[in-house]
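These notes are about the structure you will find just below.
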There are 4 protein chains.
Amino acid sequence: MSDHHDRWIDLRSDTVTQPSAAMRAAMAAAPVGDDVYADDPTVNRLQDFAAELFGFEAGLFAPSGTQTNLIALMTHCGRGDEYLVGQEAHTYKYEGGGAAVLGSIQPQPIANQPDGSIAISDIAAYIKPDDMHFARTRVLALENTIGGRVLPRDYVKAATDFAHAKGLVTHLDGARVCNAAVRQGIPLRDAAAGFDTVSVCLSKGLGAPVGSVLLGPRAFIEQGKRWRKMLGGGMRQAGVIAAAAHYALAHNVERLAEDHQNAADLSAGLARIEPLKVTTPQTNIFYVEIPEAACAPLHEALARQGIRASIGPHTRLVTHLDVTAADVKKTIAAFEAFFLDWNKQ
Amino acid sequence: MSDHHDRWIDLRSDTVTQPSAAMRAAMAAAPVGDDVYADDPTVNRLQDFAAELFGFEAGLFAPSGTQTNLIALMTHCGRGDEYLVGQEAHTYKYEGGGAAVLGSIQPQPIANQPDGSIAISDIAAYIKPDDMHFARTRVLALENTIGGRVLPRDYVKAATDFAHAKGLVTHLDGARVCNAAVRQGIPLRDAAAGFDTVSVCLSKGLGAPVGSVLLGPRAFIEQGKRWRKMLGGGMRQAGVIAAAAHYALAHNVERLAEDHQNAADLSAGLARIEPLKVTTPQTNIFYVEIPEAACAPLHEALARQGIRASIGPHTRLVTHLDVTAADVKKTIAAFEAFFLDWNKQ
Amino acid sequence: MSDHHDRWIDLRSDTVTQPSAAMRAAMAAAPVGDDVYADDPTVNRLQDFAAELFGFEAGLFAPSGTQTNLIALMTHCGRGDEYLVGQEAHTYKYEGGGAAVLGSIQPQPIANQPDGSIAISDIAAYIKPDDMHFARTRVLALENTIGGRVLPRDYVKAATDFAHAKGLVTHLDGARVCNAAVRQGIPLRDAAAGFDTVSVCLSKGLGAPVGSVLLGPRAFIEQGKRWRKMLGGGMRQAGVIAAAAHYALAHNVERLAEDHQNAADLSAGLARIEPLKVTTPQTNIFYVEIPEAACAPLHEALARQGIRASIGPHTRLVTHLDVTAADVKKTIAAFEAFFLDWNKQ
Amino acid sequence: MSDHHDRWIDLRSDTVTQPSAAMRAAMAAAPVGDDVYADDPTVNRLQDFAAELFGFEAGLFAPSGTQTNLIALMTHCGRGDEYLVGQEAHTYKYEGGGAAVLGSIQPQPIANQPDGSIAISDIAAYIKPDDMHFARTRVLALENTIGGRVLPRDYVKAATDFAHAKGLVTHLDGARVCNAAVRQGIPLRDAAAGFDTVSVCLSKGLGAPVGSVLLGPRAFIEQGKRWRKMLGGGMRQAGVIAAAAHYALAHNVERLAEDHQNAADLSAGLARIEPLKVTTPQTNIFYVEIPEAACAPLHEALARQGIRASIGPHTRLVTHLDVTAADVKKTIAAFEAFFLDWNKQ
Ligand SMILES: [Ca+2]
Ligand SMILES: [Ca+2]
Ligand SMILES: [Ca+2]
Ligand SMILES: [Ca+2]
Ligand SMILES: [Ca+2]
Ligand SMILES: [Ca+2]
């Protein structure tokens, strides 16, 4: 980056969150051991805490959500099995195709509905018959939140019940499931209900520097450890980062409501600006339509004000614990100033 | 099968075609050699003949269309590359997911339009940016005919031009491309135009007992031989079956028009029967909606008359060189008789 | 090949065997059906006949031994499982690594002993402990004959008993198991004893143009059909080649003794020629050490006499049903004449 | 663990090393950013520092050596390529077969010589000809140190020169390459000379809690980032652990000499005890033969003294920065006391 600012307002993603001083203190103080030998007390404590919080038997800490999702799919699916997933799902689209490429699993992506769900009639239609022409359908994978949208609780119940009735396993890419729970005002375990396994990211809105946790039955987690090891996710004194993750999960869930409020305020502020078209956020993510010709100069104008965003015709904006209410105001002002000029041309 | 008939009318698929006496004579007389050493003159002759006919540099004979399509994708795509394909495409849906499972290739299925095409706007939307989050989009794979529908020539030209402009390779699953060409009244090489590689099945409407041929540039075919060998498609004195395939390609293309006429007649005859809903065939395949309760008794009634069909609520019927105009009349009569009774209930 | 001969003496491999007139007649007369629907009576008859002959529940016909071995390994091993195999084994070394590359199976090759066996102490040493650092050892794969050597019956019993005691499955690459049985003067089923599954090639010494058969328990064969389909080995009216394979198995087993005699005679004849070093064949394959400088002129001299061989410093010579006793004499004479000259230089 | 000690003497592996106070301070103070956007200054600084130190263009930080080795192999080898590797190599044997299972790469393991090298004549013999029967040999992978043995410099030069002359790429699993360099008294870049790419573990003797770094040409590292992302090794504010890794590399290399001295002392002390058979360490690892019956009671006796070791008939003992000279004396005394008793029986 050519511009220098003491502190950027970074709206690109909630992955950019920085570990706080308290989190760093927790890391510095954490007792650690060799987690490949299952000897790291801080990792074990995190895994147990997360499992308890979300209502599962056991947990597995790994370096990323890409890996926890991949471990889940490789544990649920043998070579040649198939999983049903949304066309827009991170697991299918944004993780390089790892399930197919590394895991020899057939993906069956299905169009997401406008609310982020996968229609149950589509799930029914895409389950393959037991015939050697077809891959064996094994898993329904949902994502919540997806593109910032919260899956309705009734839908989640209906979809997972339907999947189970058809003999499928259900997996949740819960990278931002805490945002969903907070938005819906329900406990984390209720947000995870219906799923056999869940992946939760700790380095997004929760603010930990590194790591995700995979939750499920104990036997599943034991098998998952093999794939984690093979994928290169077996870490040694991983307690140093698990300490931060534990802190994040213990302290930073409820405050996601602030991010949601900031997103709502930012969205409302931008919606008043001509010619922007702005979606209404359900959580901490929303989208802005920007005229193509404005994108490059807007990007520059924002950068000069210390604001980072992935500006394009279809811009995603994300709030998180390092974006304050004041930052929101400053950002709205920066957009206003830019388009005041722009609209004069 | 519990019923015995001297000769079945088999409407399940055009794969059931039997080798004719002339074809068997060609097999019996064929000079052969060890094709793994490229020493089989009959295989070489078939490969050259097919390449010439469809306008390609070279050809490769293999035991099935599943394998020629898989060889094509594995030659075009390295580990981690992606191909765009229709949700209904045989290559994606009906071949067990081999591209993903065996080839470590990411499939990106896209909804087929009602005419069997993939919208060019969808092709544009599904090509991934060059970013490490995404698989590398490499191939556009179309199928013609698809579900008996013929892709419009203008569409094929526009789609393959667009793909090439975007740096993609184009592959045609031309299992039934001869049906398309005959229907459109164009030479085979015109039906293959726009595609870098084409797979053609010889054991369907053309009537050969076994085999498909993959066509493309010479260097592509040389690389394809490696994958054919690894997949177990390297055969020895394969000339015995290539002789039949050659016969099929030399003698049985133009006569596909009869199959199309028979399909049209059968479709028209069935359309007059209450309560059937029948599609209008473009080639040798069409679909009939049948009340679910009628399916099992209809299946039995047909079998008693020596007629085999995969009867279900959404029945596919297929004509081919072992279905005559008389067979069509007999089949219509059998349906009529059945529903005459059925409608009385 | 630049030289033209009415009939070559081809000592490169027993894969070059040509279908006989009787075999071609069997092909021409065979009733066929669509084997993907399991409707081909000739394929079914071959599979049953082979299963009965070798003492197994069921059989599966496929286009090559590379594919039957790969189907066996993919059926026995899930993703990440390991098989023990000889360093010189065809399955490991000569099939492009398909088990690893396509099947996601870890190969553990072990040095072959001079007699072609794998030492039981090595089998013991290479079985991995149940620990997530290691692949899960699942299969012991032997090959018989291997490089023309016959595995001793006591060894086969001891090795397969040991493997079973350790919880492994046993697979035999029996590409030339009929040669082993004939040499040992035992029934085919005794030669297959101890193995859970066996792959038998019909296109080598037995003389069929195309095909191998995989034998094993019925449930294994049913699962194997899925992998055959995915690999592209599902053929349609495959009865046309299964008829030849059936003929080969019914008529050409006992006569392998002639090939063994011819190999013995050829080996003895060559062993008398200075400076050749010749191994003593146990079956139809032996090796000749040839001075490097002599290789190219010898290859040419033989070709002028209508003799094909893969001449190199370490030349493999192979007899089969298209090599007669007279051919052996002619070949010895050709070598003698060449080295008479050569030794004068 | 049932026994409780304030501080264990842990001889199982050098992976058990704990981050020091200074290292934790470095972690607490490190500026961080989102490394998936390449925005983490501490990760970038580590990668550059390591690249410079070992003489490469660029570096890539990842959560484990299993992953850096796998990334290297997947970047060097396409689907179906082969790598030559020692039978005892960690990459082949101890990483679950990831290269084959996830990477579709054919492993060609070769017997290690007693000094840990792979004979150059074996390398020559195992390179496959360019023929479709064989996988394409692409990489020679060595490991240094291997089982604590240091590969002779002349050997490394000869082997890598030979590999390059044959068109292969060379990769070093340098998990403990710093131990090799210190033992040989040469700069790290000399220990890495001859290799196109090197993987270095920072969490073993160097004492970092988590992480390895892969070094090589810039274009290779750029491609490697794709595989790291797909494998789930793309971390966010990874600077918190990279800071410790940087500290380890900056401060803990030269002190490995102490570990080597401690290993020598421990080995010498144990060698004096009946009936132990002890190897002479070249670096920080050696092996002790222990009568099977003594193993379980010895393990317990050591645990009671606060000493952890993976006691078995063939025990590996490892020294590292958390094992002091006093610990060595205490360990020798514990063994002596145990065998004094044991020998009386
Ligand atoms: Ca973060
Ligand atoms: Ca046919
Ligand atoms: Ca794969
Ligand atoms: Ca043959
Ligand atoms: Ca450590
Ligand atoms: Ca694979």
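FYI, side chains are in, hydrogens and waters are out, and symmetry mates aren't considered; it's all heavy atoms of this structure. Owing to the predicted nature of the structure, the values given are computational and were not obtained by experimental measurement.
- The nearest pair of heavy atoms linking B:Ala100 to A:Ile105 is CB-O, 3.9 Å.
- With chain B as the partner, the residue from A:Gly98, A:Ala99, A:Gly96, A:Ala135 showing the most heavy-atom pairs under 4.5 Å is A:Gly96.
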Between chain B and chain A, identify every pair of one donor and one acceptor N or O atom lying under 3.5 Å apart.
residue	atom	partner	partner atom	Å
B:Gln87	OE1	A:Gln108	NE2	2.8
B:Gln87	NE2	A:Pro109	O	2.9
B:Tyr92	O	A:Gln106	NE2	3.1
B:Tyr92	OH	A:Pro107	O	2.5
B:Tyr92	OH	A:Gln108	OE1	3.2
B:Glu95	N	A:His133	O	3.4
B:Gly96	N	A:His133	O	2.9
B:Val101	O	A:Ser104	OG	3.3
B:Ser104	OG	A:Val101	O	3.3
B:Gln106	NE2	A:Tyr92	O	3.1
B:Pro107	O	A:Tyr92	OH	2.5
B:Gln108	OE1	A:Tyr92	OH	3.2
B:Gln108	NE2	A:Gln87	OE1	2.8
B:Pro109	O	A:Gln87	NE2	2.9
B:His133	O	A:Glu95	N	3.4
B:His133	O	A:Gly96	N	2.9

